[in-house]
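On a predicted model such as this, the values are computed, not experimentally measured, just so you know.
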Amino acid sequence: MLPDLSPSLTARLRGAFQNAGYDADGVVDVLGPQAHAALGRGEPEAARRASADAGGLGTLIRLFLLGDAEDAAAVRTALDGLDLDEAVGAQLLVRDGDRVRAGLDVRPYGDDEGSWWVIADLDSEQRGGPVPADHVLGVGHASISLARATSRRPVETLLDLGTGCGVQALHASRHARRITATDLSERALRLADATFRLNGIDVELRQGEWFAPLRNRRFDHVVCNPPFVVGPPRVDYVYRDSGLGGDDASALVVRQLPSFLNEGGVGQLLASWLHRRGEDWADRVSRWLPRGVDAWFVQRDVADPALYVGTWLRDAGVDPRSAEGRAKASAWLDWFAEQDVEGIGFGFVTLRRTDAAHPEVVCEDLRHAYDDPLGPESAAWLDRVEWLRTHDADAVLATRFTVPETVLLEEVSAPTEDGWESVVRRLHRTDGPGWQHELDETAARLLAGFRGALPLEDLITLLAYADDVPAEDLARAALPIVRELVRHGMVVPA
C-alpha cells in the first residue's frame, strides 16, 4: 500500500513543524554542534539526551530523527492535535503498543537561504534490516553532492529527472520559475508530491521511464541523479539500479539529455563509468556524447570493484558477511571480472546544447579535496569555454589578462653546490576546484606581467626581446598554456 499524505494532512504538518521550530536551525539549536555532529555519524545517544527537555521539538527530533517510540499523547501535542489514526493510516506513523514511531523519514533539510522538510522512507538502520525494492531514498551524500555541483543561475524551466524524494527540485525552486519532476516509481512520486506540498512548492509531476513522459518538450536546465550503480543488468533497488548492465544508465542519460534542452540549455548529473583494462575512461565517456554538446566530465573518485560492491551492499542494509551478502557479492564480482573491470569511476557531468561547429569536451580528474561547491564553477567553466570559442589566436593575443588574487605561484627548490635551484614551479588556484598547473621559468615570467596593463602580444614581444628568441616561437608556445589557464579560471581577461 502506498503512502497517502493528503493536502490537508501536509498543511497541518507544516503548521505543526513551524510552531514547534522543527527546522534545520531549530534542530541544531536544541542539539548543539557536538550532539548534532554525533547524530550525523550515526551516534544518537547524545542527541537523545540533548532533546530530553526540549518539549514538542524534542519529541519530534526523537520521533523522526532518532527513530524512537514516543508517547502517543506527547506526539499528538507536538503535532498540534493531529489525529494520530489519520497519520497512521497515511503511513506517517506506526503504532508500537501505546506509543508511536515514525513510519516515514521526515526531516529538516536546508541551504544558505532557508529550510525545507523532506519526506522519504526509513533507512536500513531505522528499519532494523534491509530496505525493500521500492525504497525511496532520503537526503544522502550523492544528492547533496549533486546539489552542490549544480549551477543556480536563474532559468525559466527546469526538469528534475528521476526526482526520488524531490531533493533536487527543492533546490531548483531557488532559481527556476517552473519545475517538472519525473520518476518511474509511483511510491517516489507520492512522497515527492507530499514533500513539495509540505514546503509550499508547485512542481509538475510525471511518471515514466527515463525521458518517456517528456516527448517534444525542452527545458533550460535539467538535473538528474540517476540510478547509476554499475553492475549486472538487474534491479534489486529501484532508487539505485536501472536494470541496464554496466554503466549503460549513465550513458543513456548523457546521450539523450541534450535533445531535451533548449539551445544553450544546461544539463547536470551524477554518473558512473567503467575503468576497463586497456581502455581510457575519458575515451569511453566521450563516446556517449551526441553532436552539438559542450561537455565537462569531472571524475571525483575511482573505486576498486571489491570496495564498490561492499559499499553498495551496506548501503541497502545487507551484511556482506551474510549468506545473502556473499551470494550477491560473488555474482557482482564475477560480472566485473568477466567485463575486465579494474575500477569504477564516479563524478559530475555538465552538458550544454550548442550550435557551435566545434563543441568543447573535457574530461579531467578532481580527486583532491576542495571546499567550495562546484556549482558556481560549472557555470563559470561554460562561460570561459564560450569566451575561448569566440576568441581566436589573434583575439587572445590582443587581450589584457590578470591573475586573480586566489591564484598563487608555488616553488619547490633543491639544494645544489651553488645554492638553491628551483625544480618545480606550480600555479595553484586556492579557491573553487583548487586546480594546479606546473610552469616553466619562461611561463612564470610571462604571467608576472599579467596585470591588465599590456595585451598578451606586447608581453610576449618584451619577453622575447629579453631572452633573444623569436616572438613568433614564444607566442606559439604561450597560446595553448594561456588558453588552458583561462579555461581553469587561473588567468582572466581584464
Side-chain angles (χ1 to χ4, degrees), residues 40-42 105 120-147 149 162-165 167-168 183-185 187-188 210 224-254 269-276 281 284-285 298-349 367:
R41 298 192 301 267
D105 186 305
D121 280 325
L122 302 177
D123 63 23
S124 59
E125 289 187 5
Q126 293 169 312
R127 293 174 57 86
V131 300
D134 63 349
H135 176 73
V136 178
L137 191 67
V139 182
H141 293 300
S143 56
I144 293 174
S145 295
L146 178 58
T163 190
C165 65
V167 173
Q168 304 307 320
D183 209 288
L184 175 64
S185 165
R187 183 178 184 86
W210 300 113
C224 180
N225 182 6
F228 55 73
V229 171
V230 169
R234 68 187 189 208
V235 179
D236 290 337
Y237 307 100
V238 294
Y239 73 89
R240 73 177 203 193
D241 303 321
S242 66
L244 302 175
D247 50 16
D248 285 354
S250 296
L252 182 152
V253 176
V254 171
L269 65 141
L270 295 179
S272 291
W273 39 80
L274 298 176
H275 283 243
R276 299 180 67 181
W281 76 270
R284 181 178 187 83
V285 299
V298 178
Q299 183 165 254
R300 287 294 289 133
D301 195 15
V302 179
D304 70 77
L307 174 63
Y308 189 82
V309 169
T311 297
W312 283 109
L313 287 175
R314 293 186 182 92
D315 176 79
V318 177
D319 187 344
R321 298 167 298 182
S322 67
E324 178 189 11
R326 292 198 304 273
K328 287 186 173 182
S330 178
W332 212 333
L333 291 171
D334 284 347
W335 188 90
F336 281 143
E338 293 164 3
Q339 300 296 318
D340 291 329
V341 175
E342 297 179 319
I344 301 91
F346 167 83
F348 310 114
V349 183
R367 285 189 264 176

(message) Test of understanding: with salt bridge (Lys or Arg N to Asp or Glu O under 4.0 Å), list the residues that count as partners of Arg234, not counting sequence neighbours.
(response) Asp236
(request) Identify the two heavy atoms, one from Ala249 and one from Trp210, that lie closest to each other, and give their separation to 0.1 Å. (result) CB-CH2, 3.9 Å
(message) Within the 4.5 Å heavy-atom criterion, are Trp332 and Pro305 side-chain neighbours or not?
(response) no
(request) Please identify each residue that fulfils ring-ring contact (aromatic ring centres under 6.0 Å, His included) with Phe228, with sequence neighbours left out. (result) Phe346
(request) Quick one: closest heavy-atom pair of Ala120 and Gly138, and the distance? (result) CB-CA, 3.4 Å
(message) Taking the side chain as everything from C-beta on, heavy atoms only, tell me whether Val131 gets closer than 4.5 Å to Asp121.
(response) no
(message) Would the distance check show the side chain of Ser330 and the main-chain N or O of Ala327 forming a donor-acceptor pair, the cut-off being under 3.5 Å?
(response) no
(request) Taking the side chain as every heavy atom from C-beta outward, state whether Phe336 and Pro232 have any atom pair closer than 4.5 Å. (result) no
(message) For Arg314, is there an ion pair with Asp319 - N to carboxylate O distance below 4.0 angstrom?
(response) no
(message) Quick one, Lys328 with Leu313, criterion side-chain contact (heavy atoms from CB on, under 4.5 Å). Give me CA distance, side-chain angles, the key distance, then yes/no.
(response) CA-CA 8 Å; Lys328 287 186 173 182; Leu313 287 175; 4.0 Å; yes
(request) Please say whether more than 12 non-hydrogen atoms of neighbouring residues, nucleotides or ligands are located less than 6.0 Å from CZ in Arg321. (result) no
(message) Are Ile344 and His275 packed together at the side-chain level, in the sense that at least one heavy-atom pair is separated by less than 4.5 angstrom?
(response) no
(message) Within the 4.5 Å heavy-atom criterion, are Leu146 and Gln168 side-chain neighbours or not?
(response) yes
(message) Between Leu269 and Val254, is there a side-chain heavy-atom distance shorter than 4.5 Å?
(response) yes
(request) Decide yes or no for Gln299 and Trp273: does some side-chain heavy atom of the first lie under 4.5 Å from some side-chain heavy atom of the second? (result) yes
(request) Would you confirm whether Thr311, through its side chain, and Leu307, through its main-chain N or O, come within 3.5 Å as a donor-acceptor pair? (result) yes
(request) Drop me the distance from Leu252's CG to Asp247's CG, to the nearest 0.5 angstrom. (result) 11.5 Å
(message) Ignoring hydrogens, what is the shortest heavy-atom contact between Val167 and Cys165? Give both atom names and the distance.
(response) CG2-SG, 3.4 Å
(message) Could you tell me if the side chain of Val230 sits less than 4.5 Å from the side chain of Leu274, heavy atoms only?
(response) yes
(message) Tell me the closest heavy-atom pair linking Gln339 and Arg276, and the distance in Å.
(response) O-NE, 3.0 Å
